Amino acid sequence: MTTSSDALRRPDGTPVRVLVVDDEPHLAELLSMALRYEGWDVRSAADGRGAVREARAFGPDAVVLDMMLPDFDGLEVLRRVRAEDPAVPVLFLTARDAVEDRVAGLTAGGDDYVTKPFSLEEVVARVRALMRRAAAVNQGSASTVVVGDLVLDEDSHEVTRAGEAITLTATEFELLRFLMRNPRRVLSKAQILDRVWNYDFGGKANVVELYISYLRKKIDAGREPMIHTMRGVGYVLKPAGT
């Protein structure tokens, strides 16, 4: 249960806003009730067009988005919503066996996913973690982290390598920050999950592998690698050539 003292708030002190998008009315209502119980302002939409319209009018701090919708899919909703607000965190709802949907959602820029059937408590925990992570990125700490020729500015959310700008999502940024704040230290998947995602994935540690691969494509592509896999142990970031 959330108390008024630990409830998430917007910078102006008003309740955070969450948009729920699902074409199953009963499920959408259950999700909305669970999120409102946290003290959050919640609106819902039953299709993609309604989701885009509500997002534009409502300005949500997070979106809970079903992958399958009657008009166009969640990936298209994500694309249109992010065109208006590039930083809004998105939690995808996917079918139990639709592995390709989960991968597609994360590849397209979704921040996390849960599979149906799920517990309402799990969804609330995931949304809370996403919003706390986004708030930490947005607030920053006016400091710069440097490892080799890789530079991360925690205040401006800018990342460069050898002077070349690198664009990261909020989740990629948080993962890279954790790696860079622990240079030359091997970090296990469990440590990364706990620090970056703030909860236990229940064995779904492959999401770490997925995001490490995203970072490698952006940080190491065409350059001497900085991110290394220590098989059976975890990952380590260190200056190139060391």
Side-chain angles (χ1 to χ4, degrees), residues 1-9 15-48 50-51 54-55 58 60-70 73-75 77-78 81 88-106 108-136 170-171 174-175 189-211:
M1 180 177 177
T2 300
T3 64
S4 58
S5 61
D6 64 4
L8 290 173
R9 293 275 171 177
V16 296
R17 301 172 181 176
V18 183
L19 175 62
V20 174
V21 185
D22 198 298
D23 63 338
E24 298 178 48
H26 179 64
L27 180 56
E29 181 57 28
L30 285 176
L31 285 168
S32 296
M33 288 176 60
L35 295 167
R36 288 192 183 102
Y37 187 73
E38 296 295 306
W40 302 339
D41 188 1
V42 183
R43 292 189 189 177
S44 62
D47 57 29
E54 281 290 349
F58 187 42
D61 299 292
V63 180
V64 179
L65 177 58
D66 191 14
M67 183 66 79
M68 300 301 296
L69 295 169
D73 64 19
L75 298 180
V77 174
L78 175 69
V81 169
V88 63
V90 174
L91 172 70
F92 274 114
L93 309 178
T94 69
R96 176 186 295 176
D97 299 323
V99 176
E100 66 280 2
D101 282 350
R102 298 196 290 275
V103 173
L106 293 175
D111 296 278
D112 200 358
Y113 67 85
V114 292
T115 55
K116 297 180 180 181
F118 47 74
S119 71
L120 295 175
E121 292 82 1
E122 181 182 18
V123 172
V124 170
R126 302 284 182 103
V127 173
R128 179 179 292 278
L130 287 180
M131 287 194 290
R132 287 197 188 282
R133 186 190 316 156
T171 302
E174 191 66 17
L175 173 57
K189 290 180 182 178
Q191 287 175 309
I192 294 172
L193 285 172
D194 181 64
R195 173 59 182 81
V196 178
W197 278 269
N198 297 315
Y199 58 83
D200 180 10
F201 256 79
K204 298 174 183 174
N206 60 322
V207 75
V208 175
E209 298 174 12
L210 191 61
Y211 269 89

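Remember, it's a predicted structure, so these values are computed and weren't measured experimentally.
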Next on the checklist: Suppose we screen for salt bridge (charged side-chain N to carboxylate O under 4.0 Å, His left out). Which residues come up paired with Glu24, at least two apart in sequence or across chains?
Outcome noted: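 Partners of Glu24 by the salt bridge (charged side-chain N to carboxylate O under 4.0 Å, His left out) criterion, ordered by chain and then number, come out as Lys116.
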Under a 4.5 Å cut-off applied to non-hydrogen side-chain atoms, are [X] and [Y] in contact?
X: Phe92; Y: Val64; result: no
X: Leu91; Y: Val63; result: no
X: Val124; Y: Tyr37; result: no
X: Asn206; Y: Lys189; result: no
X: Arg43; Y: Val20; result: no

Next on the checklist: Tell me whether Arg17 is salt-bridged to Asp61, with the criterion being a basic N under 4.0 Å from an acidic carboxylate O.
Outcome noted: no
Nearest heavy-atom neighbours spanning [X] and [Y]:
X: Leu19; Y: Ala45; result: CD1-N, 4.4 Å
X: Glu54; Y: Ser44; result: CG-O, 4.1 Å
X: Tyr211; Y: Leu175; result: CB-CD2, 3.7 Å
X: Asp47; Y: Pro70; result: CB-CG, 3.8 Å
X: Gly48; Y: Val77; result: CA-CG2, 3.6 Å
X: Gly74; Y: Leu65; result: O-CD2, 3.3 Å

Next on the checklist: Please report the interatomic distance CD1(Ile192) to CD(Glu209), rounded to the nearest 0.5 Å.
Outcome noted: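 It is 10.5 Å, given to the nearest 0.5 Å.
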Next on the checklist: I'd like to know if the side chain of Arg36 and the backbone of Val42 have a donor-acceptor N/O pair within less than 3.5 Å.
Outcome noted: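 Yes: the side chain of Arg36 pairs with the backbone of Val42.
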Item to check | Main-chain N/O of Val90 paired with Asp111 side-chain donor or acceptor, under 3.5 Å | outcome: yes
Item to check | Partner of Leu31 under side chain to side chain contact (heavy atoms under 4.5 Å, CB included), chosen from Asp66, Leu93, Val127 | outcome: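 Running side chain to side chain contact (heavy atoms under 4.5 Å, CB included) over Asp66, Leu93, Val127 with Leu31 returns exactly one hit, Leu93.
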Item to check | Test side chain to side chain contact (heavy atoms under 4.5 Å, CB included) applied to Leu193 and Val208, step by step | outcome: CA-CA 7 Å; Leu193 285 172; Val208 175; 3.6 Å; yes
Checklist entry - Would Met131 and Trp40 count as a side chain to side chain contact (heavy atoms under 4.5 Å, CB included) if you check the C-alpha gap in whole Å, the side-chain angles of each, and the deciding distance to 0.1 Å? => result CA-CA 12 Å; Met131 287 194 290; Trp40 302 339; 3.8 Å; yes
